[in-house]
Amino acid sequence: MVSSGRLRAVPGSGRRHRKDLGLTATSPRPVRVRFAPSPTGSLHIGGLRTALYNWLFARHHDGVFVLRIEDTDQKRYDPQALRVLMESLRWAGLDWDEGPEVGGGYGPYVQSERLGLYQRWANWLVENGHAYPAYETPEELEQMRKEQEAGGGKRGYNRAHRDLMPDQRAAFEAEGRPKVIRLKMPLEGEMLVQDAIQGEVRFDYGVLQDMVLLKADGFPTYHLAHVVDDHFMAISHVIRAVEWLSSLPVHWQLWQAFGWEIPTYAHVPVMLNPNGKGKMSKRNPPRDAHGNIIPVLVHDYIAAGYLSEAAFNFLANNSWNFGDDQEVYTPQEAVARFDLTGINPTNAALQIDKLDWYNGVYIRRLDPLDLARRLRPFLESAGYEVNVDLLSALAPLLQPRLKRLSAEEVMAYAGFLFAEDFPPPPREVLLKGFKGDAATAGTALRSAGEALAGLAAFDAAQIEGVLRAAAEALGMKPKEFFSLLRNALTGQEVTPPLFDTLPLIGRDESLRRLAEAAAALAG
RNA sequence: GCCCCAUUCGUCUAGAGGCCUAGGACGUGGCCCUCUCAAGGCCAAAACAGGGGUUCGAAUCCCCUAUGGGGCACCA
């Protein structure tokens with residue numbers, strides 16, 4: 001039954017032996033892989049990871065990465081989806097060699113433009129006894145399912161039309177009943193396949209059903225389209241989500257029926273919710289410890305302020321690992337080392353904390369001016385007017401502190417720089433953490449102002465010098481003095497370091513804030 | 001209900017019969033640095049799901065159980 005020499009049976013468990021296969025070494029075919037999303041909505045984060053593994057594999061082998069659009073579900077088609085899908089892939093740095101907008105020698109790359117091909121090959125299957133027309137209506141099938149559930153018996157299509165007499169068939173045709181084409185699955189026997197990630201996979205054909213290949217509307221189902229397209233696009237390795245593993249026998253039968261060279265299959269594990277319960281779903285978005293929603297769609301990750309560099313590294317390092325205990329690596333480094341069989345077959349929870357850590361790592365690696373440039377649109381879309389020079393000066397201070405590119409985080413650290421006007425903070429804020437009385441505090445603020453006013457250059461080093469001297473002259477602990485100044489100058493408990501922050505506020509404005517705070521305390 | 005797959009610290013993982021006293025990372029806790037918060041440095045707690053085999057020797061191979069996950073459409 002399994003005729004391909006490449007896909008020989010190997011004794012023992014898959015886990016143990018899957019790396020002995022030499023899958024690519026023994027394959028004479030040039031590496032061509034594809035990512036084949038359906039344009040029914042925005043790209044799922046797990047989908048991006050699957051795309052990423054395909055891309056890594058293609059680049060590692062100097063192969064070809066194809067983007068194919070599986071728009072065979074007319075009911076769920078979303079015209080916006082394709083654009084968003086491509087945006088998401090490009091954001092992550094996954095460029096495709098063939099597909100929409102770039103073309104290629106195996107097109108068209110959109111399935112709805114290939115309908116004739118599927119119909120032709122579906123008919124070929126019927127003519128050669130591998131498939132048959134079935135005339136049940138969706139309502140009849142629904143009825144059948146209900147009876148099965150009530151009876152507790154076997155589920156699935158009962159194969160009523162598998163062996164129709166020619167006159168029965170003619171009668172249905174004469175009636176004008178719509179028909180589908182179904183695959184004739186073997187009634188017994190076993191399928192045995194070596195999956196590059198999952199290892200040995202075995203299915204008993206007896207429990208499988210006759211899946212629909214061509215729908216009544218003339219569109220193919222995934223099963224037919226996948227095999228026909230992967231054949232005519234010369235795909236060498238099918239790297240897809242493990243959700244498909246259950247339908248592998250259908251595809252396997254199709255390959256056998258057509259007699260085409262079978263690609264190597266690699267089923268990548270799914271991404272589970274952070275709590276490990278169930279796969280990530282946009283219908284039931286997961287939440288973190290604080291009750292915040294964890295994004296599921298790639299465009300939500302972008303909007304949440306994640307860097308594509310961090311997302312790439314994080315996704316690559318989930319289910320696959322670099323080796324050498326190295327956690328941070330570039331796409332180029334990953335390409336050099338990538339090995340399909342090194343993907344862990346176990347489903348993995350999405351560890352959002354680790355993504356946040358990666359994001360911090362990559363934010364810190366940015367050129368500060370680049371950070372400012374990337375931050376700008378987030379601030380603007382939150383309604384802030386951005387002074388580019390100020391933001392550029394602020395960026396290095398923000399850099400070790402930000403977890404994401406977000407207006408919210410920037411404001412938490414530096415909102416006092418963006419305020420339209422800055423009235424003196426209320427007393428309780430000014431005196432927060434201060435042990436002395438208001439008069440002492442006011443005196444301290446005034447002497448800080450005097451020290452700063454006399455400075456030749458208003459830079460961090462000089463500011464630090466005079467303020468430390470002022471603290472000593474006042475007989476105050478630096479800690480106490482500086483937090484008093486922070487309160488008066490920013491109204492915030494948490495800010496970037498004071499000495500670096502003062503030049504951003506500016507000398508005049510700083511002196512004004514100190515004076516007004518002192519006045520407020522006096523009154 | 002049926003089919004398939006998996007199971008190593010809370011989480012992501014290393015592990016290919018002896019290099020395992022089970023390694024790394026995130027997170028957590030402590031200490032250091034320190035004007036707050038970060039960043040950084042150091043340290044710590046934390047795992048082979050359970051039970052049977054095979055073997056001189058098992059996290060690793062086999063079987064059973066349990067648990068988790070995926071799938072059972074004229075969706076992909």
Side-chain angles (χ1 to χ4, degrees), chain A residues 12-17 19-20 36-38 40 70-73 75-76 134 136-138 141-142 145 148-149 152-157 178-182 195 198-199 201-204 207-209 211-217 219 221-222 225-226 241-249 267 269-270 272 274-279 314 317-321 323-328 344-358 360 364 398-403 412-413 433 464 467-468 471 477-486 490 492-499:
Chain A
S13 88
R15 186 74 193 274
R16 170 65 180 79
H17 289 278
K19 293 185 184 180
D20 300 339
S38 81
T40 53
E70 311 220 325
D71 59 343
T72 57
D73 185 348
K75 295 184 197 78
R76 295 201 301 156
E136 291 92 348
T137 62
L141 291 173
E142 186 53 34
R145 266 191 285 273
Q148 283 172 341
E149 284 197 21
K154 236 179 125 173
R155 299 188 196 191
Y157 179 57
K179 67 179 172 192
V180 301
I181 304 294
R182 284 183 183 272
D195 184 285
Q198 303 290 332
V201 181
R202 238 174 245 277
F203 278 92
D204 184 352
V207 302
L208 299 161
Q209 36 184 306
M211 301 300 289
V212 170
L213 300 177
L214 200 67
K215 303 184 241 183
D217 65 2
F219 279 70
T221 58
Y222 172 85
H226 146 53
V242 75
E243 283 99 319
W244 290 112
L245 192 58
S246 299
S247 29
L248 182 57
H267 287 92
V270 299
L272 268 25
N275 63 7
K277 301 282 178 207
K279 61 176 177 176
F314 171 73
N317 215 35
N318 181 283
S319 295
W320 183 72
N321 79 89
D324 294 350
D325 293 334
Q326 188 176 330
E327 305 274 337
V328 178
N344 191 329
T346 312
N347 296 161
L350 179 144
Q351 198 188 350
I352 194 72
D353 285 347
K354 190 146 186 182
L355 208 211
D356 286 339
W357 173 75
Y358 270 120
R364 275 167 247 137
L398 255 17
Q399 204 156 17
R401 298 178 168 77
L402 292 184
K403 282 208 310 204
Y413 280 113
E464 176 163 10
L467 289 183
R468 285 195 187 280
K477 285 187 195 160
K479 211 180 174 91
E480 223 179 352
F481 184 51
F482 296 143
S483 75
L484 205 50
L485 294 181
R486 169 172 290 108
T490 71
Q492 295 182 192
E493 283 186 73
V494 173
T495 71
L498 253 194
F499 314 127

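Quick caveat: nothing in here was measured; it's all calculated off a predicted structure. Here is how names work: the chains are called A, B, and so on, in the same order as the sequence lines, proteins then strands, and each is numbered from 1.
In this model, no side-chain donor or acceptor of A:Q198 finds a partner on the base of B:C5 within 3.5 Å. Interface remark: the A:E327 side chain does form a donor-acceptor pair with the B:G24 base, using a distance-only criterion of under 3.5 Å.
Of the candidates B:G71, B:G27, B:C37, B:G71 carries the atom nearest the A:E243 side chain, counting heavy atoms from C-beta on. The side chain of A:N347 approaches B:G69 more closely than any other nucleotide in the set B:G69, B:A76, B:C75. For A:F203, the side-chain atoms get nearest to B:C3 when compared with the rest of B:U13, B:C35, B:C3. Closest approach to the A:T346 side chain among B:C35, B:C74, B:U7 is made by B:U7 (side chain taken as heavy atoms from C-beta onward). Each of B:A76, B:C12, B:G24 was ranked by its minimum atom distance to the side chain of A:D325; first place goes to B:G24. With B:U13, B:G70, B:C26 as the choices, the nucleotide that has an atom nearest any side-chain atom of A:S246 turns out to be B:G70. Between B:U13, B:C3, B:C35, one nucleotide has an atom nearer to the side chain of A:V207 than all others, and that is B:C3. Proximity note for A:Y413 (side chain, C-beta onward) versus B:C74, B:A38, B:C4: the nearest is B:A38. The side chain of A:V201 has B:C4 as its nearest neighbour among B:C35, B:C12, B:C4. Considering only the side chain of A:D353, B:C26 comes nearest among B:U36, B:C12, B:C26.
Considering only side-chain N and O atoms, A:T221 lies nowhere under 4.0 angstrom from the phosphate OP1 or OP2 of B:C75. Side-chain nitrogen and oxygen atoms of A:R202 include none within less than 4.0 Å of the OP1 or OP2 phosphate oxygen of B:C4. Using a 4.0 Å cut-off, some side-chain N or O of A:K479 falls inside it from OP1 or OP2 of B:U36. Look at A:K215 and you'll find a side-chain N or O under 4.0 angstrom from OP1 or OP2 of B:C75. Here A:R468 reaches the OP1 or OP2 of B:C35: one of its side-chain N or O atoms lies under 4.0 Å away. Phosphate proximity of B:C75 to A:K75: present, with a side-chain N or O under 4.0 Å from OP1 or OP2. Applying the 4.0 Å criterion to OP1 and OP2 of B:G1, one finds that A:R145 has every side-chain N and O outside that range.
The nearest whole Å value for the distance from the CZ atom in A:F482 to the P atom in B:U36 is 10 Å. Atom P of nucleotide B:A73 and atom CD of A:Q209 are separated by 5 Å, given to the nearest angstrom. In this structure, A:W244 places its CH2 atom 11 Å from P of B:C75, rounding to the nearest Å. One can place OH of A:Y358 at 13 Å from C1' of B:U11, the figure rounded to the nearest angstrom. Remark: P of B:G24 and CD of A:Q351 are 16 Å apart, rounded to the nearest angstrom.
Residue A:E480 is out of contact with every strand shown, counting any heavy-atom pair closer than 4.0 Å. A:F499 comes within 4.0 angstrom of a base, heavy atoms only. As judged by a 4.0 angstrom heavy-atom cut-off over every strand, A:P274 is placed among residues making no nucleic acid contact. Nucleic acid contact class of A:L245 (heavy atoms, under 4.0 Å, all strands): sugar-phosphate only. At a threshold of 4.0 angstrom between heavy atoms, the contacts of A:L141 include nucleobase atoms, whether or not backbone atoms are also involved. Counting non-hydrogen atoms under 4.0 angstrom, A:T40 reaches nothing in the nucleic acid. Backbone-only contact: A:G278 has heavy atoms under 4.0 Å from sugar-phosphate atoms and none from a base. As judged by a 4.0 angstrom heavy-atom cut-off over every strand, A:V212 is placed among residues touching the sugar-phosphate backbone only. Using a 4.0 Å heavy-atom criterion, one finds that A:A348 contacts the sugar-phosphate atoms exclusively.
Taking atom P in both B:G17 and B:G29, one finds a spacing of 40 Å when rounded to whole Å. Separation of the C1' atoms belonging to B:G69 and B:G51 is 23 Å when rounded to the nearest angstrom. With both ends at atom C1', the span from B:A47 to B:G27 equals 15 Å, rounded to whole Å. To the nearest whole angstrom, the two P atoms, one in B:A6 and one in B:C43, are 38 Å apart. For B:C63 and B:C26, the C1' atoms lie 37 Å apart once the distance is rounded to whole Å. Taking the P atoms as reference points, B:C62 lies 24 Å from B:C20, given to the whole Å. B:A45 and B:A22: their C1' atoms are spaced 16 Å apart (whole Å). Between B:G50 and B:G68, the distance separating the two C1' atoms is 15 Å to the nearest Å.
Taken to the nearest 0.5 Å, the OH atom of A:Y222 stands 14.5 Å off from the CG atom of A:D73. Atoms CG and CG, on A:L355 and A:N317 in that order, are 11.0 Å from each other to the nearest 0.5 Å.
Residues A:W357 and A:F314 have side chains not in contact (no heavy-atom distance under 4.5 Å, counting atoms from C-beta outward).
Remark: side-chain polar atoms of A:Q492 are paired, donor with acceptor, to backbone N or O of A:V494 under 3.5 angstrom. The main-chain N or O of A:Q326 is never found under 3.5 Å from a side-chain atom of A:D324 such that the two would form a donor-acceptor pair. Remark: the backbone N or O of A:N347 is not paired with any side-chain donor or acceptor of A:K279 at under 3.5 angstrom.
Here the options are A:E136, A:Q209, A:Q148, the test is side-chain hydrogen bond (donor to acceptor under 3.5 Å, both in side chains), and the partner is A:Y157; only A:E136 passes.
Heavy-atom nearest nucleotides on RNA chain B were determined for A:T137 and for A:N317, and the one closer to the 5' end corresponds to A:N317. Looking at which nucleotide of RNA chain B each of A:L208 and A:E493 is closest to, the 5′-most match is held by A:L208.
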Can you tabulate the close N/O pairs, meaning under 3.5 Å, that link protein atoms to atoms of nucleotides 40-50 of chain B?
residue : atom : partner : partner atom : Å
B:G40   : OP1  : A:R364  : NH1          : 3.4

